[in-house]
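Shown next, in structure tokens, is the structure this report addresses.
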Amino acid sequence: MVTIEYATPECSSARELAVHALAGDQLMHRLYGPISAVYKRGGYTTVHVGDDRVLEPMSTGHHENYSFYYRPDTTDHDYARRKQERQLLSYLASRAIWAGAGIVTDVGYSPNQRFGANRFNALKSTNLSPTTHGRKHVFDYHPTDNRLEVRSGDPNMSPWALRTKHAVTSLVLRLIEHDAFPESGLLNPNKCQAIFQKMLIPRGGEDSNDRFTRQALEHQKVILQAAIDFALTQPNIPDEELSAAQDVSTTLHDIEVFLNDPEAIDVISDRIDWAAKLADMMSLGLRPMSITTEYLSTVMLDLQWERLGPGSISAQWYKAHHNMVPPEELKHACTTLPATRAARRVEALNEELDDVINISWRYIAIRGKDSLRMINLGPPL
């Protein structure tokens, strides 16, 4: 299988980013739609039928980039950086309870597609450095342009989840920057690892294994309340970030309702990817306790939710339940860039295209007569 990666342009708001992410999906569908193996998918489940492997692990995990300014109030920079790193990891470890896309696994149904990909319990903090794991870092910090890259997120299908994930994460980063992250929201690395890796949809009866799911729920409640309180006291917080935090607070309440009564999953299935998939499976008579990779038809249904394109099951579901992006706006985004660094990049490329050697987020390298010439594209916005 071939994994196709693409990046959205730099965006000035979470909603704008959600629109351009959906536009990217449509562009990928136009280019690769005839290839049946193209999915907007992440996860690490291998499925066997007898001795034959019918599904391979495949990951197109969602990388997120944020402007993040490291401003410690102490001269002990190493301590401040370790503290910031632990705060960020604590938030990311449990965020999948509402921002996860969901995947059928060999032990149940996980809200988190990337549950087997990340190691949160290997802190490494001589600077605001990434925490390492077997494949990629959980996050990385690029000080030249104050860019924080988060690498542990799921590739969301719901416009609500995509927009809200970025808006709330931006607000939580403001908490960290201002040293306002709640102490009760700080987890030790081993707890981060356990929650991130072991969240499962409850399987019912004696098989119930939702302890870590409930811990993730309570942990996010603490962080979200602190984020809302912080936003209400700060004059320059974007309205969409406060609104997103309040939306998630409501969603966490609805998830709690579902955990106590799995039949009530429809209360969140128009907002959260994993809930929408699970609601559809349950409508076919399947229950969480029966969903494992022993049930190949269930896994294939899961995959159908992750295909690209406007005609997909997920697109139809969200159009009916939560149509955030009008079709004309999506069509416009497929051909028009935001007024950010993305527009400056394209303008520079149009002028120098024949001599371009390399392109990065901030620079374009141009071949000169005697030496390279670097075009500095400036800040993201």
Side-chain angles (χ1 to χ4, degrees), residues 1-35 38-40 42 59-69 130 136-137 139-151 153 155-156 159 162-163 165-167 169-170 173 238 240 308-310 325-381:
M1 292 185 179
V2 176
T3 298
I4 300 166
E5 295 192 6
Y6 67 94
T8 65
E10 291 91 336
C11 297
S12 58
S13 71
R15 189 188 185 283
E16 186 175 59
L17 188 145
V19 173
H20 281 275
L22 294 172
D25 284 353
Q26 289 215 354
L27 293 172
M28 290 299 102
H29 180 66
R30 293 177 192 174
L31 291 170
Y32 302 104
I35 303 175
V38 175
Y39 298 100
K40 185 179 180 180
S59 173
T60 53
H62 190 193
H63 292 208
E64 307 155 49
N65 287 274
Y66 303 88
S67 292
F68 180 73
Y69 298 94
K136 292 182 179 178
H137 302 302
F139 66 85
D140 203 355
Y141 181 62
H142 306 269
T144 56
D145 55 359
N146 295 311
R147 178 167 60 89
L148 179 73
E149 180 183 2
V150 175
R151 297 171 170 176
N156 297 112
L162 187 62
R163 176 200 62 188
K165 175 170 65 177
H166 285 84
T169 302
S170 177
L173 289 175
E240 72 167 358
L308 301 178
V325 182
E328 59 273 14
E329 184 178 5
L330 193 56
K331 182 178 179 180
H332 180 75
C334 288
T335 58
T336 308
L337 290 168
T340 62
R341 185 166 61 189
R344 300 195 296 273
R345 184 182 297 109
V346 170
E347 181 180 356
L349 285 173
N350 287 336
E351 295 177 357
E352 308 277 1
L353 186 59
D354 292 339
D355 295 318
V356 171
I357 295 177
N358 187 48
I359 306 170
S360 67
W361 286 107
R362 190 166 184 174
Y363 297 97
I364 297 178
I366 306 296
R367 182 188 297 107
K369 291 183 178 180
D370 301 315
S371 61
L372 291 180
R373 179 165 58 91
M374 301 296 291
I375 299 178
N376 188 335
L377 299 173
L381 304 179

Identify the two heavy atoms, one from [X] and one from [Y], that lie closest to each other, and give their separation to 0.1 Å.
X      : Y      : value
Pro380 : Thr340 : O-CB, 3.4 Å
Glu64  : Gly153 : OE2-CA, 3.7 Å
Ile357 : Arg367 : CD1-CB, 3.6 Å
Ala23  : Leu330 : N-CD1, 3.5 Å
Ala348 : Ile364 : CB-CD1, 3.8 Å
Leu162 : Ala21  : CD2-CB, 3.2 Å

Close side-chain approach of [X] to [Y], heavy-atom, < 4.5 Å:
X      : Y      : answer
Arg341 : Pro9   : no
Arg163 : Leu17  : no
His20  : Pro338 : yes
Leu173 : Leu148 : yes

>> I'd like to know if Lys331 and Glu329 make a salt bridge, using a cut-off of under 4.0 Å between side-chain N and carboxylate O.
In response: no
> With a 4.0 Å cut-off, would you call Glu10 and Arg345 a salt bridge?
Replying inline: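 Result for this pair is yes, salt bridge flagged.
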> For the atom pair CG (Asp145) and CZ (Arg362), what is the distance rounded to the nearest 0.5 Å?
Replying inline: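 Taking CG in Asp145 and CZ in Arg362, the distance rounds to 6.0 Å.
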Show the atom names and distances, to 0.1 Å, of all donor-acceptor pairs under 3.5 Å that link a side chain in residues 370-379 to residues at least two apart or in another chain.
{"residue": "Arg373", "atom": "NH2", "partner": "Glu352", "partner atom": "OE1", "Å": "3.1"}
{"residue": "Arg373", "atom": "NH2", "partner": "Glu352", "partner atom": "OE2", "Å": "2.9"}
{"residue": "Asn376", "atom": "OD1", "partner": "Gly378", "partner atom": "N", "Å": "2.8"}

> Testing Phe68, Tyr141, Tyr66 for side chain to side chain contact (heavy atoms under 4.5 Å, CB included) with Asn146, which one passes?
Replying inline: Tyr141
> Within the distance-only criterion (no hydrogens, no angle test), does the side chain of Glu16 pair as donor or acceptor with the backbone N or O of Ser12 below 3.5 angstrom?
Replying inline: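 Such a contact is found between Glu16 side chain and Ser12 backbone.
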> Tyr6 and Asp25: side-chain donor and acceptor closer than 3.5 Å?
Replying inline: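 There is such a pair between these side chains.
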